[in-house]
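Positions are given from 1, in the same order as the sequence printed here. These values consider heavy atoms only, across backbone and side chains, with no hydrogens, waters or symmetry-generated copies. We count ligands from 1, going down the list as the structure has it; atoms in each ligand are counted the same way. These numbers come from a predicted model, not from an experiment.
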Amino acid sequence: MDGKVMVTGGAGYIGSHAVLALLDAGHEVVVVDNLVTGFAWAVDARATLVEMNVADPRIADVLREHRVRAIMHFAGSVVVPESVNDPLKYYGNNTVATRALIESAVAAGVPHFIFSSTAATYGTPARVPVAEGDPTVPINPYGTSKLMTEAMLRDVAAAHPINYAALRYFNVAGADPKGRSGQSTVGATHLIKIAVEAAIGKRDAVGIYGTDFPTRDGTGVRDYIHVSDLAAAHVAALQLLVERPGESHTLNCGYGRGFSVMEVLDAVDRVTNRTIERRLEPRRAGDPAELIADNRAILAALPWRPQHDDLDGIVGDALAWERTLAERQA
Ligand code: UDP
């Protein structure tokens with residue numbers, strides 16, 4: 001296909017894996033990243049990196065120069081508790097900046113847009129597994145900022161010649177199995193990242209946020225999806241958008257099964273053959289007990305099938321990347 005795929009946030013965790021998946025599938029890629037939380041070294045050398053905000057009007061030039069035929073939009077702010085304390089940052093970086101990017105896309109005639117949405121759009125789900133048609137009632141500004149973007153895309157796709165896929169991510173974890181990228185974010189808050197940091201001695205323990213949830217062992221249950229499977233879902237979604245220009249899609253990205261915090265830590269212990277110290281702590285504000293994707297829609301819409309849906313494998317890849325990072329910093 002003619003022209004490039006623009007990947008915003010391509011120097012970040014999920015975006016850098018999408019860049020690898022696109023390049024490996026033979027697409028040409030231009031990354032737009034302001035490098036506030038991302039790293040230039042995380043961008044594969046086969047891609048072009050442009051250091052710029054997505055809301056910058058000069059995006060129009062980048063779209064034209066690289067003959068961009070699709071945008072995958074990962075750039076944004078992603079820390080839920082921070083969104084509670086600084087909501088305007090989230091409405092600015094996620095909703096307002098994305099509005100500008102969509103406007104540039106429409107003006108340049110970019111026909112396809114893939115958006116990083118989130119299971120946080122559901123809030124506390126009415127039922128588990130949660131399906132795309134279930135109520136979306138976010139319980140934090142992060143989820144609201146993403147849901148507002150979904151609404152913009154829906155309305156813009158009805159008015160202009162552009163179609164979109166809004167992919168609602170569940171809990172993304174792991175790292176490129178070939179060791180080319182991983183989660184490098186400083187001050188990460190996500191469970192598997194924290195647990196592998198503890199496993200290699202970067203932390204002395206892992207806090208368990210709540211042991212009194214109505215789940216099988218009292219700890220929170222989540223649907224952990226390997227980042228490379230998620231990246232592959234984006235490439236497959238792009239293909240669908242190209243083949244069916246009149247259609248847009250909102251799809252959960254998860255495996256349809258959940259693991260508790262205890263089960264995740266058991267996996268880390270198994271993979272490392274040691275025992276991480278667990279500290280029982282109170283619940284974190286706004287954490288639902290259980291979040292699991294009903295993934296029938298994505299399985300029906302795309303030829304995508306999970307390739308890395310083994311918890312020990314996810315933990316193993318995350319751990320290998322954590323060791324790479326530690327060597328890099330040594
Ligand atoms: N969690 C935990 N200790 C940590 C980080 C997370 O017990 O240090 C729990 C959290 O309460 C939730 C699950 O692990 O039940 C996944 O949390 P994470 O922050 O990774 O993702 P979230 O589901 O909040 O997006």
Check: Does a salt bridge link R283 with D287, judged by any charged N lying under 4.0 Å from a carboxylate O?
Finding: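 Looking at D287 together with R283, the answer is no, because their closest N to O distance does not fall below 4.0 Å.
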E103 and R99 ion-paired at < 4.0 Å: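 Salt bridge flag = yes for R99 with E103.
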Please list, in number order, the atoms of ligand 1 under 4.0 Å from a heavy atom of [X].
| X | value |
| --- | --- |
| Y224 | 13 (C), 16 (C) |
| H190 | 18 (P), 19 (O), 20 (O), 21 (O) |
| I208 | 7 (O) |
| G207 | 2 (C), 3 (N), 4 (C), 7 (O), 8 (O) |
| V261 | 7 (O), 9 (C), 14 (O), 15 (O) |
| G220 | 15 (O) |
| T189 | 5 (C), 19 (O) |

Counting non-hydrogen protein atoms only, what is the nearest one to [atom]? Give residue, atom name and distance.
| atom | value |
| --- | --- |
| atom 4 (C) of ligand 1 | Y209 CE1, 3.3 Å |
| atom 22 (P) of ligand 1 | N171 ND2, 3.4 Å |
| atom 23 (O) of ligand 1 | R222 NE, 2.7 Å |
| atom 11 (O) of ligand 1 | D287 OD2, 2.7 Å |
| atom 17 (O) of ligand 1 | R284 NH2, 3.5 Å |

Option passing side-chain contact (heavy atoms from CB on, under 4.5 Å) with V62 (candidates R58, H66, R64, E65)
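Among R58, H66, R64, E65, the one meeting side-chain contact (heavy atoms from CB on, under 4.5 Å) with V62 is H66.
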### Option passing side-chain hydrogen bond (donor to acceptor under 3.5 Å, both in side chains) with Y255 (candidates D229, N295, D310)
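When D229, N295, D310 are each tested with Y255, the side-chain hydrogen bond (donor to acceptor under 3.5 Å, both in side chains) holds only for D229.
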### Distance-minimising heavy-atom pair for D24 and R180
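Shortest heavy-atom contact: OD2-NH2, 3.0 Å.
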>> What I want to know is whether L191 and ligand 1 share at least one N or O pair that is separated by under 3.5 angstrom.
In response: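 Yes, at least one N or O pair falls under 3.5 Å.
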For the residue pair H73 / T98, report whether a side-chain donor-acceptor contact shorter than 3.5 Å exists.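 There is such a pair (donor and acceptor under 3.5 Å, judged by atom type) between the side chains of T98 and H73.
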- From H190 atom NE2 to E197 atom CD, the distance as rounded to the nearest 0.5 Å: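 With rounding to 0.5 Å, NE2 (H190) is 12.0 Å from CD (E197).
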Return the CG to SG distance between L230 and C253, rounded to the nearest 0.5 Å.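 So the CG of L230 and the SG of C253 are separated by 5.5 Å.
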Residues Y90, N140; criterion side-chain hydrogen bond (donor to acceptor under 3.5 Å, both in side chains); working and verdict: CA-CA 10 Å; Y90 281 71; N140 49 59; over 6 Å; no
Y169 touching ligand 1 at heavy-atom level, < 4.0 angstrom: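 The answer is no, since Y169 has no heavy atom less than 4.0 Å from ligand 1.
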